[in-house]
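The block underneath contains the structure these notes are about, expressed in structure tokens.
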Amino acid sequence: MHVVLPNGSELELPEGASGLDAARAIGPKLAEQAVLVRADGQVQDLRAPLRDGQRLQVLTVRDADDPDALAVLRHSSAHLLAEAVRRLHPDVQLAIGPPIADGFYYDFLFPEPIAEADLEPIEAEVKREIAEGREWSREVISRDEARVRFEAEGQPFKVELVDSAEGDISLYRQDDFIDLCRGPHLQNAKPIRAIKLTGLAGAYWRGDSSKPQLTRIYGTAFYSQADLDAHLERLEEARKRDHRRLGVQLDLFHLDEISPGSPFWHPKGMVIFNALEDLRRRENARRGYVEVKTPLIFDKTLWERSGHWEKFREHMFVIPGEDRTYGIKPMNCPGHMALFAHQLRSYRELPLRYAEAAPLHRNELAGALHGLTRVRHVTQDDAHIFCTREQIEDEIFGCLDYAKFLYDLFDLEASFELSTRPESKLGTDEEWDFTEGALQAALERRGLEYALNPGDGAFYGPKIDLHMTDSLGRSWQMGTIQLDSQQPARLGCRYVGADNAEHVPYVIHRALFGSLERFIGILTEHYAGAFPFWIAPVQVRVLPVGEDHREAAQELAARLAPYRVEVDASDETVGKRIRNAEVEKIPFVVVYGDKESHESLAIREHGGEQRTLSLAGFRAELATLLPWQAGAEPSLTS
RNA sequence: GCCGACGUAGCUCAGCUGGUAGAGCACUUCACUCGUAAUGAAGGGGUCCUCGGUUCGAGUCCGAGCGUCGGCUCCA
């Protein structure tokens, strides 16, 4: 048989030859450095047989940036970790150990709990194994054999994995350590030039909190020490743009244990908050929403009718009273539906779009709180669209278009996910077929790529979620667009149709920033604290050079109204005050001294670039930095 | 909620094997009035997260609680 090499040439091989055989046929050096092969685009173990006519690419230690090459290195590293842990803790039970985005982990059940200090000897043992040398070999046995083997070894998790596997079982051996594994793996441990154990955490077996909690050891590995160093440096850089750190440095907000999970917004943070609110109000008005305000607390009977009491009672703040119990609202929907249901509506009123960015409170699990990205006091840019069945697709389309408009305004890349019916749901499968189909149609019509997230919908309907990652690569849900075919009926929403009969409207729940708190957290990291001009807390800082220039500086600041301008007339050198403005990431600094006049201003942009502009010229330029004034109004793209 | 770590001045952090606290920045005052990322000097500031225990003596050791951080689970 023959295979096709990346340069297009063909290589003759004996029948049943492996990727390693192919590499050997090309050259001994290549065979030695090979870590993995890609056959017709699919990665496979070097030892796996090739098929006639396949396009073949041999990945080597030189492909240090290739995701597949890194994954195999880390997967093999996880096996070395398991071997080391079993040698140091012979009674440990092994679960699973896959490669992940930035490294790998392995889950263990230790007879005695271990602490972070125990990682050091384990890492030393892994390094000893690498120095000593390890080779991987693959073996395929039947499921029965595998079960007997792992039962004899006292490895119940492996037995469970064998039982849930299909077909024969492959094992990988290195030295005297044998692990159940699909592969692929390295030939030997030589390519693992840098390895580091990075953390310890609890993790439930099979991700199920009702199952035993295992101990997960995280690590990472690279083809070179330089790559590991670069990785650690990237992490350090990312930490510098962490919104929790920048939020304190830039005086935007703080958190206090007096109210965990509820930010104190400082004046500068509020400027950003209000800039987003202004944007929300302006766009809502343009897109046909109306603003409403509904109560913050409701009798618990409302939550019982909406279905939230049963499902989310644990996560609600409840106010017990003498004769009735109130729940502080964790979301706006029941309030908006009670408002809609207050009157009998006509189909002529639909679609009716209620918007309200009310403060919501959710008693999130203590361990889930996280800076601004997971809070108990949350402000959603919420809206509920009451519409007919026929209007659903257009309205979903409108929401998607609106979301895209907002994200483009901030140069944010969001990924879209369609979440479908969960196990515990209200309504029939026929109803869900229809609602899921409507969301899918709108996504496709707007031309958005999306991932399917089966089973992750809300209990009342499917949803489209917008996800973004923070500076450390963690994914967060931002916007959400949810179709609800259940709550409106439960809460008595009705309208009279053209047929003069009563109907229940559909409701689209949508929040596009998602939570303003989380959005500001993500924005802070996205811009590393250097916010664009139009949302920057201080937009311009004027620095009078000497005492004699203070009055003129004040005059200049007044002439820059209504921009957010400050005069820094403190007793510091010009250099120090410029440094302060840089540290505060203020977009523009205007130094004003003997050489300046309103005809000739010294403008310094954040970062150091300097220019001379007249006051009128400067104002004209600032105006171009307001997105809604830059040329034409943003237009609907439908 | 679960596993692990951490909690010292406004911020970032030091404080060895127990002997009642320290730096830089910030702040206040004084001098300097300054030209594009840190002028100099002096000074003020801490229930060492909380409660309990061990000890002659606890920031330091032990226990519990609270909070934060890294994960897991959850996220209307």
In whole Å, what separates the [atom1] atom of [N] from that of [M]?
N      : M      : atom1 : answer
B:rU60 : B:rU17 : C1'   : 11 Å
B:rU47 : B:rG43 : C1'   : 23 Å
B:rU8  : B:rG15 : P     : 13 Å
B:rA38 : B:rA26 : P     : 12 Å
B:rC13 : B:rC74 : P     : 32 Å

Exercise. Under 4.0 Å: is that the gap between some side-chain N or O of A:Thr215 and OP1 or OP2 of B:rC3?
Worked result: no
Exercise. Is the shortest side-chain N/O distance from A:Lys211 to OP1 or OP2 of B:rU73 below 4.0 Å?
Worked result: no
Of the candidate nucleotides [options], which contains the atom at the shortest distance from the side chain of [X]?
X        : options                : value
A:Arg244 : B:rC75, B:rC34, B:rC69 : B:rC69
A:Tyr204 : B:rC74, B:rC72, B:rU68 : B:rC72
A:Arg604 : B:rA37, B:rA76, B:rC72 : B:rA37
A:Phe312 : B:rC74, B:rC75, B:rG67 : B:rC75
A:Leu200 : B:rG1, B:rG4, B:rG71   : B:rG4
A:Lys576 : B:rU33, B:rC75, B:rA26 : B:rA26
A:Gln610 : B:rA76, B:rA26, B:rU36 : B:rU36
A:Ala602 : B:rU36, B:rA76, B:rC34 : B:rU36
A:Glu547 : B:rU33, B:rC74, B:rU39 : B:rU33

Could you check how far [atom1] of [X] sits from [atom2] of [N], rounded to whole Å?
X        : N      : atom1 : atom2 : value
A:His384 : B:rA76 : NE2   : P     : 13 Å
A:His509 : B:rC75 : NE2   : C1'   : 16 Å
A:Asp456 : B:rU73 : CG    : P     : 12 Å
A:Asp571 : B:rU29 : CG    : P     : 10 Å
A:Leu255 : B:rG7  : CG    : P     : 19 Å
A:Ile258 : B:rG65 : CD1   : P     : 19 Å
A:Asp568 : B:rG35 : CG    : P     : 15 Å
A:Leu250 : B:rC11 : CG    : C1'   : 13 Å

Please determine, for [N], whether a Watson-Crick or G-U wobble partner exists with both distances under 3.5 Å, and give it or none.
N      : value
B:rU60 : none
B:rG45 : none
B:rA31 : B:rU39
B:rA9  : none
B:rC74 : none
B:rC69 : B:rG4

Neighbour count above 12 (heavy atom, 6.0 Å) for [X] [atom1]:
X        : atom1 : value
A:Glu621 : CD    : yes
A:Glu233 : CD    : no
A:Gln249 : CD    : yes

By the 4.0 Å heavy-atom rule, please label [X] as base, sugar-phosphate, or nothing.
X        : value
A:Pro330 : base
A:Glu364 : nothing
A:Gly608 : nothing
A:Leu369 : sugar-phosphate
A:Arg611 : nothing
A:Val574 : sugar-phosphate
A:Phe459 : nothing
A:Ala201 : base
A:Gly199 : nothing

For this session: Determine whether the side chains of A:Glu572 and A:Ser570 contain a donor N or O and an acceptor N or O closer than 3.5 Å.
Result: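 No.
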Exercise. Do we see a donor-acceptor contact under 3.5 Å between the side chains of A:His384 and A:Asn332?
Worked result: no
Problem set entry | Contact list for RNA chain B against residues 103-119 of chain A - heavy-atom distance below 4.0 Å | A:Pro113, A:Ile114, A:Ala115, A:Glu116
Exercise. Do any of residues 577-599 of chain A sit with a heavy atom less than 4.0 Å from RNA chain B, and if so which?
Worked result: A:Ile578, A:Arg579, A:Glu582, A:Val591, A:Gly593, A:Asp594, A:Lys595, A:Glu596
Exercise. Toward the 5' end of RNA chain B, which comes first, A:His370 or A:Gly607, by nearest nucleotide?
Worked result: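 Result of the comparison: A:Gly607.
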Exercise. Start at the 5' end of RNA chain B and walk down; is the nucleotide closest to A:Asp256 or to A:Arg245 reached first?
Worked result: A:Arg245
Sidechain-backbone polar pair: [X] side chain, [Y] backbone, donor-acceptor under 3.5 Å:
X        : Y        : answer
A:Arg577 : A:Asp568 : yes
A:Arg362 : A:Pro330 : yes
A:Arg216 : A:Ala203 : no

Quick one: sort the [X] and [Y] rings into parallel, tilted or perpendicular, breaks at 30° and 60°.
X        : Y        : answer
A:Phe459 : A:Phe312 : tilted
A:Phe222 : A:His231 : tilted
A:Tyr354 : A:Phe340 : perpendicular
A:Phe533 : A:Phe588 : perpendicular
A:Phe253 : A:Trp265 : tilted

Seminar exercise, completed: For A:Met316 and A:Gly327, the nearest pair of non-hydrogen atoms, with its separation, is CE-CA, 3.9 Å
Exercise. Can a salt bridge be assigned to the pair A:Arg611 and A:Glu605 using a cut-off of 4.0 Å between side-chain N and carboxylate O?
Worked result: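 The answer is yes: the pair qualifies as a salt bridge.
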Exercise. Does the side chain of A:Phe264 reach to within under 4.5 Å of the side chain of A:Ile258, using non-hydrogen atoms?
Worked result: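 Yes - at least one pair of side-chain heavy atoms lies under 4.5 Å apart.
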For this session: Determine whether any donor atom in the side chain of A:Arg374 lies under 3.5 Å from an acceptor atom in the base of B:rC74, or the reverse, and answer yes or no.
Result: yes
Exercise. Which letters describe nucleotides 40-50 of chain B, given B = protein heavy atom under 4.0 Å from base, S = only from sugar-phosphate, - = neither?
Worked result: -----------
